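Everything below concerns the one structure shown next.
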Amino acid sequence: MSKIILTGDRPTGKLHVGHYVGSLRRRVELQDSGEYDKVFIMIADAQALTDNAEHPEKVRQNVVEVALDYMACGLDPEKSTLFIQSQIPQLCELSFYYMNLVTVSRLQRNPTVKSEIQMRKFESSIPVGFFTYPISQAADITAFQATTVPAGEDQMPMVEQTREIVHKFNAVYGDTLVEPKILLPDNQACLRLPGTDGKAKMSKSLGNCIYLSEEADEIKKKVMSMFTDPNHLRVEDPGSLEGNTVFTYLDAFCRKEHFGRYLPEYEDLDELKAHYQRGGLGDVKVKKFLNHVLQEELELIRARRKELQKDIPYIYEVLRRGSEEAEQVAAQTLDKVRDAMKINYFSDTELIQGQAEKFQ
Ligand code: TRP
């Protein structure tokens, strides 16, 4: 069986370091590994509209921002198909059929939907489109026969829901769809990178994100004001690593070679952590180190982004070509789905023949 990747992001803002360690960095590795037959990366504008119906311009503006972030990180249109969700009409049709296979109570139990309803204070005024977005996400994944969905932990319930739909579909209509698996980050810190203020979720409105396109002095400012251990008041005090954002970021970003370059008095992160816990290591020193580490990683991305920004029509051309290719693939899956569901009236000659005989 071929190995196929599909994943994506909602274009509601520029991408930040949480997206990067949670999924983007991995996608690039997977793309370059040569282990996958196809890699589809989708800008989920239609999904973004499920809770931004009144803000179409915001979604529209952010499509190109996300595409720039993707390519700046190393997603390469020669190796991956980058496309825009709304340009693939087959996804709507698949969603429409899958809706028959999912109950309202099952959607209500979807943990991501549940928490987003709370967060957005939707209560019973939730738009139907938003409520059913797990179903449309199942369409996104299955349309490309994806076997693998590299994504953050928050997408787990979506992939689970997709697997259930696939299971049900195949049971009712015969083996047609592929059951996907989520591919989570292998490092605990990358599963859910906190905001710079230590809050669990990075969000634009909280102002606690470091964006991939952030300028060097902004990165430094954000790192130097990061949340650490509130009880670590004096350098001599023992410090705690629990909930200490600076160390969580180091867990996500730091490699052994960074010590040689920026903090040679320590062998590795374990040694730095031990010193912090013992006492005698100040926050500022650790923050300065993290700043070096982040600057090194983000500098290249920022430079590539600036280069790409010089030719925006090219970015749209990449997305147009990608969307055309994605549509062809989705259309093939839809043909199979229509066959399986017996709504292929005009291409099924046996049906026409059989009916003709019945009425003789
Ligand atoms: N829900 C994802 C997000 O919030 C975006 C998305 C839409 C997606 N369809 C997908 C991710 C399919 C993985 C697979 O960013």
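Since the structure is predicted, the reported quantities are computational estimates derived from the model, not experimental observations. Order of appearance sets the numbers: ligands from 1, and atoms from 1 within every ligand.
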- side-chain hydrogen bond (donor to acceptor under 3.5 Å, both in side chains) assessment of Asn344 paired with Asp339: CA-CA 5 Å; Asn344 55 348; Asp339 283 343; 2.8 Å; yes
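The aromatic rings of Phe83 and Phe144 lie tilted to each other, with the angle between the two planes from 30° to 60°. Using cut-offs of 30° and 60° on the angle between ring planes, the pair His258 and Tyr262 is parallel.
For the pair Tyr133 and ligand 1, the shortest N or O to N or O distance does not fall below 3.5 Å. Between Gln155 and ligand 1, at least one N/O pair is under 3.5 Å apart. When only interatomic distances are considered, the shortest N/O to N/O separation between Gln47 and ligand 1 falls below 3.5 Å. Here's the thing with Thr7: none of its N/O atoms is less than 3.5 angstrom from an N/O atom of ligand 1.
The shell of residues lying under 4.0 angstrom from ligand 1, judged by heavy atoms, includes Gly8.
Ligand 1 places these atoms under 4.0 Å from at least one heavy atom of Arg10: 3 (C), 4 (O), 15 (O). Annotation for ligand 1: atoms under 4.0 Å from non-hydrogen atoms of Leu6 are 12 (C), 14 (C). The ligand atoms of ligand 1 that sit less than 4.0 angstrom from a heavy atom of Val149 are 13 (C), 14 (C). Every atom of ligand 1 is numbered from 1 in the order shown, and the set under 4.0 Å from a heavy atom of Asp140 is 7 (C), 9 (N), 10 (C). Every atom of ligand 1 with a heavy atom of Ala44 under 4.0 Å away is listed here by number and element: 7 (C). Of all atoms in ligand 1, numbered sequentially from 1 with element shown, those under 4.0 Å from a heavy atom of Met42 are 7 (C), 9 (N), 10 (C).
Two residues are said to be in side-chain contact when any heavy atoms from C-beta on lie closer than 4.5 Å; Tyr266 and Leu281 meet this criterion.
The pair Glu297-Arg302 does not meet the salt-bridge criterion, since no charged nitrogen lies less than 4.0 angstrom from a carboxylate oxygen.
Here atom 12 (C) of ligand 1 lies nearest to Gln137 when heavy atoms of His19, Gln137, Glu116 are compared.
Judged by a 6.0 Å distance limit and a 45° cone about the ring axis, Arg338 is not positioned over the six-membered ring of Tyr97. Both tests do not hold together for Lys38 against Tyr36: distance to the six-membered ring centre under 6.0 Å, angle to the ring axis within 45°.
Applying the ring pair (Phe, Tyr, Trp, His ring centres under 6.0 Å) test to pairs two or more places apart or on separate chains, none has a residue in residues 338-360.
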